[in-house]
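Here is the structure we will look at, set down as structure tokens.
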Amino acid sequence: ATIWAKIEVLLDKKTELPSESTYFDEKGKKIRVMYFKERKIIDNKNIPMVMELVSLNKVGHKTVVKYKSLSFTKEVPEKLFSQKNLQERK
């Protein structure tokens, strides 16, 4: 498990929502930056449709999460979060 010594969150002045987060190791060195991009209003929530985590200590390494669609109003079956379902790999 990775434990960050410090996380700095930069907020957009207009929306007061995070635009990026910077992660530091125990020596105070910047290790990663998460960018929150392409905001969209979904079910009355301002959501970043793209999140990009860039490694600063491994050149060229990054993880990008892009949502094609989201909904906060759909019902989710309770059994989906059972211990068994959470432990199974699909």
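Residue numbers run from 1 in the order of the sequence given. All values reported here derive from a predicted model rather than from experimental measurement.
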Hey, what do you get for CE (Met34) to CD1 (Ile7), rounding to the nearest 0.5 Å?
9.5 Å
Which residues satisfy the side-chain hydrogen bond (donor to acceptor under 3.5 Å, both in side chains) test with Asn57, sequence neighbours excluded?
Ser55
So if you build clusters from Ile, Leu, Val, Met, Phe, Trp, Tyr with side-chain heavy-atom gaps below 4.5 Å, do Met49 and Met51 land together?
yes
Is there any salt bridge (charged side-chain N to carboxylate O under 4.0 Å, His left out) pair reaching into residues 3-19, and which pairs are they, with sequence neighbours excluded?
Lys6-Glu8
Taking only residues at least two apart or on different chains, which pairs with a member in residues 32-48 satisfy salt bridge (charged side-chain N to carboxylate O under 4.0 Å, His left out)?
Lys37-Glu52
If you look only at distance, which donor and acceptor atoms sit under 3.5 Å apart when one is on a side chain in residues 64-81 and the other is two or more places apart or in another chain?
residue, atom, partner, partner atom, Å
Ser71, OG, Thr73, N, 3.3
Ser71, OG, Thr73, OG1, 3.2

Transitive ILVMFWY side-chain link Val9 to Trp4, under 4.5 Å:
yes
Spacing of Thr15 atom OG1 and Phe36 atom CZ [to the nearest 0.5 Å]:
11.5 Å
Leu17/Leu11 under side chain to side chain contact (heavy atoms under 4.5 Å, CB included): CA gap, chis, key distance, verdict
CA-CA 5 Å; Leu17 295 168; Leu11 300 178; 5.8 Å; no
Exercise answer: donor-acceptor pairs, residues 18-31 side-chain atoms, under 3.5 Å, sequence neighbours excluded:
residue, atom, partner, partner atom, Å
Ser19, OG, Leu10, O, 3.2
Asp25, OD1, Lys27, N, 2.9
Asp25, OD1, Gly28, N, 3.1
Asp25, OD1, Lys29, N, 2.9

